[in-house]
Number of protein chains: 2
Amino acid sequence: MKGMTEEQILLTAGEEKTASRFSACLLFSANALARAITAIGDEEFGRFGLCYSHAYLLCEVVAQPGISPSQLSETLYLTPSTITRLVEKLELKRLVRRESEGKKTLIFPTPEGEALQPEVSKAWDQVGARYSQILGDTNVCQLTQQVLKAAKTLGEDF
Amino acid sequence: MKGMTEEQILLTAGEEKTASRFSACLLFSANALARAITAIGDEEFGRFGLCYSHAYLLCEVVAQPGISPSQLSETLYLTPSTITRLVEKLELKRLVRRESEGKKTLIFPTPEGEALQPEVSKAWDQVGARYSQILGDTNVCQLTQQVLKAAKTLGEDF
DNA sequence: TATTTTTGCTTGCACATACAAATATAACAT
DNA sequence: ATGTTATATTTGTATGTGCAAGCAAAAATA
C-alpha cells in the first residue's frame, strides 16, 4: 500500500472501508484545505503579528465601528467566546478598543488600527493572489462560492 | 448594515473592500466550513472520547499496522509533531502502541483499537450521512473532490 | 413593582495544531 | 574508521478555537 495515492487506496480497498472513508472525506478534506490556506495566510499576516482571523476582525471593525461581538460572531462564523479572545488580543496590540454600553459591548478601531487596515487589506490581496496562482483563478472563484455556501448551510441547520 | 447577508455586503460595499474581501474569501470560508463540519464530527466521535483526527488516525493504523508517523503525516496532511501528539493520546487510551525500530517508529493497533475501529467507522458514516442530508449528496460528492484536490495542490506547491 | 426568563458577553478549562529546537539514528563522504 | 550531513521523531512553547459555566443587563411576565 505504500506510495499509493488516496484515490488508489479508495479504489482498491475493501467495500465498507471505501464507503466510510469517502463519505466522511469532506470532514477530512475541508480541514486539510483550511490548514493549507491558513498556512499561507499566517505567513502574510504574520508580518503584522496577526493571524487571519485577527486580520478579518480588524477589517470588519474598521468597516463598521461600534460593531458588537455577536455581530462579529455571525459575520466571522466564530463563537462569541472566540470573538472575545480575538478582541482581547487586538486590544493588547492597541488596534481596537471596547466600550461597554449596558450588557452590550461596542468595538471601535483605534487610530493605529485604522492606520494598519490598508496594509492588512494589501496582505489580504496578497494571500488571494498566492493561492489563486496555485489553484487557478476560475477554480478559486467557484470553490470559494461553493465552500462558503456549504459553510453557511451547515451553520444554519446545525 | 445590520442584518445583511454576506452577499449583500459584498455587492454594496466599496470597490477595494469588495475586492479584498472576496479575493481572500477562500481562506475565510475554508476555515468556516472546516469548523462547521468538525462540529458534527466531534459530536459523533465524541461518544468514544475521540476527535475526528483521532478517528482517522486509528482507522489508518488498523488498515496499515506498523505504519510510521511520517506516512501518517502525509496521509492526514498533518505535521509530524501533530502526529506524535495524536498518537500519544491514542496510546493513553490504549488504542494504539508504538514500537521503536532504530530512528523509525512503528505504530500498531492494540486489540482494543482493532475492536473499536468498526464502531468508529460507523460513526464516520454517520457524520457523512448527517452533512449529506444537509448539503445534498451530489453537492457533497463534488465538493469533497474539489476541496481535496485544492488541499493537495496547495500542500505540494507550498 | 417584583420576579422570572432571556440575552450578550466574558472566563475557566481543554484540545488540536504548528513551529522551532532538540535528539537520535542512518547515510554518506573522505 | 571518522566526521559530516540528512532523516525520523519527539519535546517546548504558543495559539486559535470551542464548550460549559458564570455574570450582568434587559425584557417579559405576573
Side-chain angles (χ1 to χ4, degrees), chain A residues 27-28 30-43 45-46 49-58 66-74 76-93 96 98-107 151 155 158, chain B residues 2 27-28 30-43 45-46 48-58 66-74 76-93 96 98-107 151 155 158:
Chain A
L27 168 57
F28 167 72
N31 274 284
L33 179 60
R35 285 192 301 272
I37 298 196
T38 300
I40 297 178
D42 284 347
E43 202 176 299
F45 295 123
L50 302 178
C51 67
Y52 86 96
S53 39
H54 289 142
Y56 209 102
L57 199 153
L58 178 60
I67 192 172
S68 70
S70 47
Q71 282 175 292
L72 284 168
S73 171
E74 279 179 27
L76 304 190
Y77 295 94
L78 288 172
T79 310
S81 66
T82 301
I83 298 293
T84 299
R85 296 284 152 67
L86 293 177
V87 172
E88 277 172 1
K89 282 281 169 67
L90 286 180
E91 221 175 9
L92 272 177
K93 296 179 194 300
V96 306
R98 270 183 287 194
E99 256 181 44
S100 272
E101 187 173 285
K103 74 176 170 185
K104 293 204 169 192
T105 296
L106 310 180
I107 305 167
F158 181 60
Chain B
K2 295 178 184 179
L27 168 56
F28 167 72
N31 275 285
L33 178 62
R35 283 193 301 271
I37 299 195
T38 300
I40 297 178
D42 283 347
E43 203 176 298
F45 295 123
F48 317 112
L50 302 178
C51 67
Y52 86 96
S53 40
H54 289 143
Y56 210 102
L57 198 153
L58 177 60
I67 193 173
S68 70
S70 47
Q71 281 175 292
L72 284 168
S73 171
E74 279 179 27
L76 304 189
Y77 295 92
L78 288 171
T79 310
S81 66
T82 301
I83 299 293
T84 298
R85 296 280 149 71
L86 293 177
V87 171
E88 279 172 1
K89 282 280 169 66
L90 287 180
E91 221 174 9
L92 271 177
K93 296 180 195 298
V96 304
R98 270 183 287 194
E99 257 181 42
S100 273
E101 187 173 283
K103 74 177 171 184
K104 293 204 168 188
T105 296
L106 310 181
I107 305 167
F158 181 62

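Excluded from the calculations below are hydrogen atoms, water molecules and symmetry mates; all remaining heavy atoms, backbone and side chain alike, are included. Chain letters run A, B, ... following the sequence lines, proteins first, then strands; residues in each count from 1.
Side-chain contact of A:S68 with A:S70: a donor-acceptor pair under 3.5 Å is present, judged by distance alone.
Comparing C:dT7, C:dT17, C:dC13 by their closest approach to the side chain of B:L78 singles out C:dT17. Listed candidates were D:dT7, D:dG18, C:dG8. Nearest to the side chain of A:T79 is D:dG18. For B:P69, counting side-chain heavy atoms from C-beta on, the closest listed nucleotide (D:dT9, C:dA18, D:dG16) is D:dT9. Minimum atom distance to the side chain of B:S53 is reached by C:dT17, of the listed C:dT17, D:dG16, D:dT17. Proximity note for A:R85 (side chain, C-beta onward) versus D:dT17, D:dT11, C:dC9: the nearest is D:dT17. For B:K89, the listed nucleotide lying nearest its side chain is C:dA16; candidates were D:dT11, C:dC9, C:dA16. Distances from the side chain of B:T82 to the nucleotides C:dT17, C:dT10, D:dT9 place C:dT17 closest. Of the candidate nucleotides D:dA26, C:dC9, D:dT7, C:dC9 has the atom nearest to the side chain of A:K104.
Under 4.0 angstrom from either OP1 or OP2 of C:dC15 there lies no side-chain N or O belonging to B:H54. Taking 4.0 angstrom as the limit, B:S70 places a side-chain polar atom (N or O) nearer than this to OP1 or OP2 of D:dT9.
Within 4.0 Å (heavy atoms only), B:R35 reaches sugar-phosphate atoms of the nucleic acid but no base atom. Among the protein residues, A:T84 comes within range of the nucleic acid bases, having at least one heavy atom under 4.0 Å from a base atom. Heavy atoms of A:P80 sit under 4.0 angstrom from at least one base atom. B:S68 comes within contact range of the sugar-phosphate backbone alone, with a heavy-atom separation under 4.0 Å but no base atom that close.
For B:F28 and D:dT17, the CZ to P distance is 11 Å, given to the nearest whole Å. Rounded to whole Å, atom P of D:dG16 lies 8 Å from atom NZ of A:K93.
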